[in-house]
Amino acid sequence: MKEMIEEWQLALRAEIAHLKKFGSRPIKIVNGRLLSGDDFRYYFDARSLIQIPSGSKIRIEMKHIKRDGRMLSSEGKNVILSLEGDFGDQIREADLYHDPWELLDELHERLEEIKKSKRRLARVRKLMNPPKTVKHPEEKIKSHLHELILRSKYNPVTYVWGPPGTGKTHNLARAAANHFFKGNSVLILSHSNQAVDVLMREIALFAEKREKFEEGKIMRYGLQRDVPSILPLYTDQLLRAQHPDLAEEKESIVEERKNLKDDLSNSFSNRDSTQLLKLESKLGNVLEKIRRKEMEFVKNATIIGTTLTKAAIDETIYRKRVDVVIIDEASMAYVPQAAFAASLGKRVVICGDFKQLPPIASSRHPLVSKWLKEDVFHRAGIIETVQSGNLHPQLFLLNEQRRMHPVISAFTNKTIYHSLVKDYPNTAALREVITEKLPFKGRASALIDTSHTGAYCFTGHSSKSRMNVWQLFLSFQAIYESLQSGMTSIGYVTPYRAQSKLMGLLIEDLLSQTDQADILSATVHRFQGSERDMMVFDTVDSDPEFRPGMLLTGNNSERLINVAMTRTKGKFIHVSNVDYFKKRMAPSKTLRQLVEHQLQKNERIGPTQIGKWITHHHAHLKWSHALNTEDVFHDIQKANEIIISIPTGTSLTKEWIKTLKSSPGKTIILSQTVVQAIPLAVHVAYDVPFPFVAIDRKIFYLGVPFEGMKNVLPPAVSVRLESALVTGEIVNQILPSDA
């Protein structure tokens, strides 16, 4: 076992070396002022919100000078740093780095401690080599939930496979509460704060329902989230209840410090900076008192919930020993993290879904790939027999999903979960209220096919990430239709960061706070562990890109598509270029199988149906027949600047040439050949694969037809966007940097 742990340590060191070499992204900080010359404390303003925990190691760089240091405090858009060296009284501008390798360093140290304990080594050995026989009395099983409780009571390690919507939180909470009722101590750990919050609240509410909730016995340790708990669950709540004077003193100092920092941002003075240092010292003393109280809370609690990261860096947790450790979302945790967690308890329950996203690591070292990029289910040999249906004796499957409408789950249940998961009988009826909303009333699943509408996929110049503006606008329209129908919980997911950022800008600029409801635009990782009434899955890839990206074809593509689909309850909108994927993607790939499944089920919505399903026109995003040039010509006539792209093989009609020549604005033409008919235009020798018109970097036309457009079948549809925010970003990503 020690040899395996040493491999884990080598993997961690390789990842640390990679992070040290390539580092994190810099945060721009400005207006640095020296507060104290004794320990080189500096006060900085920032251009964006900074959330770096106090005490974290940081680094700042200015030109060729680098200084390590510590984060003393960060609230909002200002920070106080302690540096290991002098930069002078003032620093006009610098880059701030907060490297994540520090956390891996701590985990490395925890593994070193495990190697010195026979008992902890034995626990890790059972995790990685789970027994082939079970100890729980199978004849006593009364229900699926009761089986989980018995397994976690009698077996040293229980693996729980929890596909989406199968009641993972419900079952884990009741298993944990059952141990609590019997007097056993339980440690709840997870990869994310959100997962810990959800599970701890469920445990507390269940205990309260049974009239067994006791203040301080069930405790959420760590970051206080925005969503408050009705019951006194968080350390902040316990502090206010049991030590109100200390809580009030902290809040008073924090408020005074915030006001003082605001004053310093507006007008820096020596008097204020001296007062700020005094406040920092005073706050430090109060926080140390609070820290001691928190240690008492942890000591007295029976169920404690926190993150895997905090468990590895906080002595209050990693020195504690419990009866049962429950790890949620274990499929996203590093194997060494899961092993460290398992070593803290007599029994361990490992819960996750190895069909969803794996852990994230950056280094390409073989040991990193082996131990940090794959989950403990794989590395412990748990899933080797899953495809045959013969589950490992220590694997407990939650096999009834209640989240998705059966029309949506039909694909994932069969293709991804090998028909091991079934639908709760009443799910269709429960989801009918969502299915009946727009777009595509009455449909739970729809495939918006963008075949033969143009070649719109490109890689952004600064984002270095693929984008597809045509599919972006169609996706936004689907979201807008659903909002008009009363939908309030919507997700937009895409493999590419640049596309999700563009949708975020579109939502921000075109939808009011009232309209927005609960809309999230992000890549898949942000959605793991969450759910929405409707999900829009935009694959982005299409012509003229020669092949789909690795995100849709690589080893983890099945997991990505699974997460994208299984977040939704009642409506799944898939936006894809069907013709492109049928030509460029192997039939064995999951996305190709999804496309074929939706075609077979007659879920395709073709380009000819755009005029039928778009029923609500946003004032700033208007769809029309592309041959109708009245609006675009009107905008050109009033423009100060016109940017127009003419792809190779297409040309402007006489009407277009006449309109552009008569415009008072500056015309910039992106084309491989000079348009002789418009001699005053600025020519940029650059070939964009699709035609567009940008007016004053505020109005953007897409789909306007020029002569000779290839691979476009009627009806020709165009769209007009009015948004300086989004148009500016699109143009910046399309245009070459020297244009």
Side-chain angles (χ1 to χ4, degrees), residues 47-49 76-77 194 225-228 433-441 446 448 467-494 497-523 526-527 530-538 567-573 575 610-611 613-624 631 634-635 638 694-703 717-733:
R47 291 172 178 168
S48 57
L49 292 174
K77 293 187 177 181
Q194 182 189 16
R225 307 298 288 173
D226 294 333
V227 182
V433 66
I434 301 171
T435 306
E436 286 301 310
K437 294 184 186 298
L438 296 174
F440 318 118
K441 184 178 179 181
I448 298 178
M467 309 167 83
N468 186 321
V469 187
W470 184 251
Q471 292 192 181
L472 178 90
F473 291 158
L474 286 170
S475 299
F476 177 84
Q477 188 63 43
I479 292 169
Y480 189 65
E481 296 285 344
S482 70
L483 287 171
Q484 300 310 302
S485 190
M487 197 89 75
T488 57
S489 172
I490 304 160
Y492 170 82
V493 63
T494 172
R497 189 176 289 110
Q499 186 84 345
S500 73
K501 178 186 174 185
L502 208 52
M503 177 59 83
L505 294 176
L506 203 53
I507 290 167
E508 177 189 335
D509 207 34
L510 266 61
L511 300 179
S512 68
Q513 288 299 112
T514 310
D515 287 334
Q516 280 190 38
D518 180 14
I519 308 175
L520 175 61
S521 169
T523 53
R526 283 281 301 281
F527 283 100
S530 66
E531 62 183 20
R532 292 287 191 278
D533 287 349
M534 180 178 94
M535 287 294 297
V536 179
F537 176 38
D538 178 358
R567 300 309 92 199
T568 189
K569 293 180 181 178
K571 200 173 278 283
F572 174 66
I573 310 295
V575 185
I610 283 182
W613 73 262
I614 294 179
T615 56
H616 295 86
H617 290 267
H618 191 285
H620 295 285
L621 189 76
K622 294 182 178 179
W623 301 82
S624 64
D631 285 346
H634 179 262
D635 287 332
K638 298 191 302 177
I695 310 288
D696 296 333
R697 313 233 173 179
K698 185 178 76 171
I699 297 171
F700 190 84
Y701 281 91
L702 198 64
V717 178
S718 70
V719 59
R720 177 189 188 271
L721 168 71
E722 187 174 345
S723 166
L725 184 67
V726 180
T727 299
E729 177 64 15
I730 294 171
V731 170
N732 288 339
Q733 294 298 339

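Computed from heavy atoms alone, side chains included, the values below leave out hydrogens, waters and symmetry copies.
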Test your reading of the model: is there a side-chain donor-acceptor pair from [X] to the backbone of [Y], 3.5 Å cut-off?
X	Y	value
Tyr701	Asp631	yes
Glu729	Ala724	no
Arg567	Ser530	yes
Ser482	Pro439	no

Of all heavy-atom pairs between [X] and [Y], which one has the smallest distance, and what is that distance?
X	Y	value
Lys571	Phe440	NZ-O, 3.1 Å
Ser521	Ile507	CB-CD1, 4.2 Å
Lys698	Thr727	O-OG1, 3.2 Å
Ala498	Met467	CB-CG, 3.7 Å
Ile699	Glu722	CG1-CG, 4.1 Å
Asp533	Lys569	OD1-CD, 3.5 Å

(message) Looking at Asp635 and Arg720, is any side-chain nitrogen of the basic one under 4.0 Å from a carboxylate oxygen of the acidic one?
(response) yes

Donor + acceptor pair across side chains of [X], [Y] (<3.5 Å):
X	Y	value
Ser723	Asp509	yes
Glu481	Thr615	yes
Asp538	Gln499	yes

(request) Report the residues that fulfil side chain to side chain contact (heavy atoms under 4.5 Å, CB included) with Lys437, sequence neighbours left out, ordered by chain and then residue number. (result) Ser485, Met487

(message) Going by the rule side chain to side chain contact (heavy atoms under 4.5 Å, CB included), which residues pair with His634 if we only count those two or more places apart in sequence or in a different chain?
(response)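 Expected list: Lys638.
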
(request) Evaluate the side chain to side chain contact (heavy atoms under 4.5 Å, CB included) criterion for residues Leu621 and Tyr480: first the C-alpha distance (whole Å), next the side-chain angles of each, then the deciding distance (0.1 Å), finally the verdict. (result) CA-CA 10 Å; Leu621 189 76; Tyr480 189 65; over 6 Å; no

What distance do [X] atom [atom1] and [Y] atom [atom2] have between them, rounded to the nearest 0.5 Å?
X	Y	atom1	atom2	answer
Asn468	Ser475	CG	OG	8.5 Å
Leu505	Leu725	CG	CG	4.5 Å
Ile479	Leu438	CD1	CG	14.0 Å

(message) Students often mix this up, so state it plainly: with edges at 30° and 60°, are the rings of His620 and His618 parallel, tilted or perpendicular?
(response) tilted

(request) Would you please test Ile519 and Leu511 for side chain to side chain contact (heavy atoms under 4.5 Å, CB included) and show each step? (result) CA-CA 10 Å; Ile519 308 175; Leu511 300 179; 3.8 Å; yes

(message) Would you say the ring centers of Trp623 and Trp613 fall short of 6.0 Å from each other?
(response)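 Ring-ring flag for Trp623/Trp613: false, centres at least 6.0 Å apart.
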
(request) Carefully, step by step, assess Tyr492 and Val575 under the rule side chain to side chain contact (heavy atoms under 4.5 Å, CB included). (result) CA-CA 11 Å; Tyr492 170 82; Val575 185; over 6 Å; no

(message) Under the criterion side chain to side chain contact (heavy atoms under 4.5 Å, CB included), I'd like the reasoning laid out for Ile573 against Phe537: C-alpha separation, chi angles, the key distance, then a yes or no.
(response) CA-CA 6 Å; Ile573 310 295; Phe537 176 38; over 6 Å; no

